[in-house]
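Letters A, B, ... are given to chains in the order of the sequence lines, protein chains preceding strands, and every chain is numbered from 1.
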There are 2 protein chains.
Amino acid sequence: MSGKSAALVRSPDASPWEAPIVSRRVADDVVDRLVTAFALGLYVPGQQLPPERELAGMLGVSRTSIREALRQLGEDGYLEVRRGRTGGTFVRSDWGPRSAEHVRRQLVARWDEFEAIFDARTLIEPLIARTAAERRTEEDLGPIRAALQDYLDAPDHDASRRADARLHLAIAQATHNRILVETSVDLRTRIGLNLGAEPYTDEVRRMAIRQHQDLVAAVAEGRAEDASRIAAVHFTLSETLMRGLAERAGGAP
Amino acid sequence: MSGKSAALVRSPDASPWEAPIVSRRVADDVVDRLVTAFALGLYVPGQQLPPERELAGMLGVSRTSIREALRQLGEDGYLEVRRGRTGGTFVRSDWGPRSAEHVRRQLVARWDEFEAIFDARTLIEPLIARTAAERRTEEDLGPIRAALQDYLDAPDHDASRRADARLHLAIAQATHNRILVETSVDLRTRIGLNLGAEPYTDEVRRMAIRQHQDLVAAVAEGRAEDASRIAAVHFTLSETLMRGLAERAGGAP
DNA sequence: ATAATTGGTTCATGGATCAGACCATAGACC
DNA sequence: GGTCTATGGTCTGATCCATGAACCAATTAT
């Protein structure tokens, strides 16, 4: 079967089925779960994670594996542990690749991945927004508006990121399609994995607030084309910001 | 952390992060790879798989794991083995759920999954077609046209399915985005996993031929909107066929 | 007949994972 | 101040998974 046709496997190769299989360890899955939770804003910096024994029970794995996962996350600077009676594992407030050098290396190493993710996102998120506008029910609007309000009220960057994640998640869920929700979460998580945080300035925040308001209004009123267009602009802004960050960090080719 | 807000987790729930982690075995990954290869038409019924030792080398796993995977696929009736010098493992010509009863059970069990997959497909594939029409280069057109020709020349159902898979893969690759390619392949594979084969009649084939020709023309000429529209119709047809099959099998609710 | 190619089987080894026990720390609580 | 308790830190033995290698069995090319 090495005679796979050259026509079939081309440059953006779809993971050729003969690629080596890497056996994933349980701890790696735990790491992915936790990073996803962080990216979704389920844990904010400073917040305490459940005790290791409880995490083990929740995820159905041994404490050994939980500890290995926490060790990895700790190495990357995502976590901080305190011992003693009120101790525990806490999310660091400056999590993610910390030094500029670290950012640069991350970006260079994963630049291709990066391009693909952002590209896919600016294509798929408008589709999600359009579909949400077409399908949203009254019950969908509650979580969406709540997340928007939280976003407007967010006192700091972290709260803002968290509300942003919840808002886009709620919109994705308004499509009533599990696969679209998963895709959206997956893209967001991959970006979180690669970077940690988007750049953030007051001007950016003002633009994002306006876009979020417009997007929610379009979805609520069922203006599908508007929702699609606004989402396209919104995620293009996000992409531009990240590219700027990458170029300032010297990571862009 | 059980206090996750009710607003955040709703009916099409995006795999709650606390769900138990299932440790995947290597053999299961091998099974997935092989089924994907089948769904992509890389192996046609009657064709011989590489020897176990060679598969082990290709996938970077032990022969033990390969054998376990082949055992599973054999149990499900996908494979047939012959011993001796010219022996080997062969793809069965009637693979997939074989009896109508089997189909019905499959459909009932996975009906929700099913709905979501088809729904996502009719949303995402037009996006892929549109993007392919916008971005395709001259080099992309070769594989696309070759696959279309193979589809037109296909002497039987199996060859037709194989060419169909290659055609849509080639179009997805013309988007030059790895994630879109993966998504398309993933959706196709999931459908293959759930069903094995689509219904197939001469009339369906005539319609599909026309749609494929139109789709390729639209992509080749860069008519993005046309490509999107044609893809929407095409995959809606596919969905309708499957629903019909499901209802005749008594599986639809 | 013999050699070659393939699947079928067995075994020893190392690593991953688990369950459980126990230790160490530091703050709560009396 | 002393004790209790909730937490992280460490260790051990058992079990299961995956590997690599050797060898057996069947079948056919030569």
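Tested against A/L73 for a side chain to side chain contact (heavy atoms under 4.5 Å, CB included), the candidates A/T89, A/V31, A/V30 yield a single pass: A/V31.
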Mind listing the N/O atom pairs, protein and nucleotides 3-10 of chain C, below 3.5 Å?
unit_1: C/dA4; atom_1: O4'; unit_2: B/R85; atom_2: NH1; d: 3.4
unit_1: C/dT5; atom_1: O2; unit_2: B/R85; atom_2: N; d: 3.4
unit_1: C/dG7; atom_1: OP2; unit_2: B/E52; atom_2: N; d: 3.1
unit_1: C/dG7; atom_1: N7; unit_2: B/R53; atom_2: NH1; d: 3.1
unit_1: C/dG7; atom_1: O6; unit_2: B/R53; atom_2: NH2; d: 3.1
unit_1: C/dG7; atom_1: N2; unit_2: B/R83; atom_2: NH2; d: 3.3
unit_1: C/dG8; atom_1: OP2; unit_2: B/R67; atom_2: NH1; d: 2.8
unit_1: C/dG8; atom_1: OP2; unit_2: B/R67; atom_2: NH2; d: 3.3
unit_1: C/dG8; atom_1: N7; unit_2: B/R63; atom_2: NH2; d: 2.7
unit_1: C/dG8; atom_1: O6; unit_2: B/R63; atom_2: NH1; d: 3.0

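Listed by chain and number, the residues in a salt bridge (Lys or Arg N to Asp or Glu O under 4.0 Å) with B/R71 are B/E68, B/E75 (sequence neighbours excluded). A search for salt bridge (Lys or Arg N to Asp or Glu O under 4.0 Å) contacts involving A/E239 returns A/R243, not counting sequence neighbours. In this structure B/R82 satisfies the side chain to side chain contact (heavy atoms under 4.5 Å, CB included) test together with B/E80, B/F90, sequence neighbours excluded.
Listed pair B/S62 / D/dA18 fails the phosphate criterion, with no side-chain N or O lying under 4.0 Å from OP1 or OP2.
Taking a 4.0 Å limit (strictly below) on heavy-atom distances, residues 20-28 of chain B reaches DNA chain D at B/R25, B/V26.
Taking atom CD on A/E68 and atom P on C/dG15, their separation rounds to 15 Å, with Å as the unit. Here D/dG8 presents its C1' atom at 15 Å from CZ of A/R71, a figure rounded to the nearest Å. Here D/dG8 presents its P atom at 11 Å from CG of A/L79, a figure rounded to the nearest Å. What separates CD of A/E54 from P of D/dT7 is a distance of 8 Å, to the nearest Å. A/L59 has its CG atom 17 Å from the C1' atom of C/dA19, to the nearest Å. Between the P atom of D/dG9 and the CG atom of A/L55 lies a distance of 13 Å, rounded to the nearest Å.
In this structure, A/D186 pairs ionically with A/R190, as a charged nitrogen and a carboxylate oxygen lie closer than 4.0 Å. For the pair A/R24 and A/D32, the salt-bridge criterion is met [side-chain N within less than 4.0 Å of a carboxylate O].
Annotation: B/R63, atom CZ; neighbour count of heavy atoms from other residues, nucleotides and ligands within 6.0 Å is above 12.
For the pair B/P45/B/R92, no side-chain contact is recorded, criterion being any heavy-atom separation below 4.5 Å from C-beta on. In this structure, the side chains of A/D29 and A/L59 stay at 4.5 Å or more apart for every pair of heavy atoms.
Distance CD1/A/I66 to CD/A/E52: 8.0 Å, rounded to 0.5 Å.
Terminal axes of the helix from C/dA1-D/dT30 to C/dC30-D/dG1 (five pairs each, C1' rotation axis) are separated by 10°, to the nearest 10°.
Using the six-membered ring where Trp is involved, B/Y43 and B/F38 have ring planes that are perpendicular, over 60° apart on the 30 and 60° scheme.
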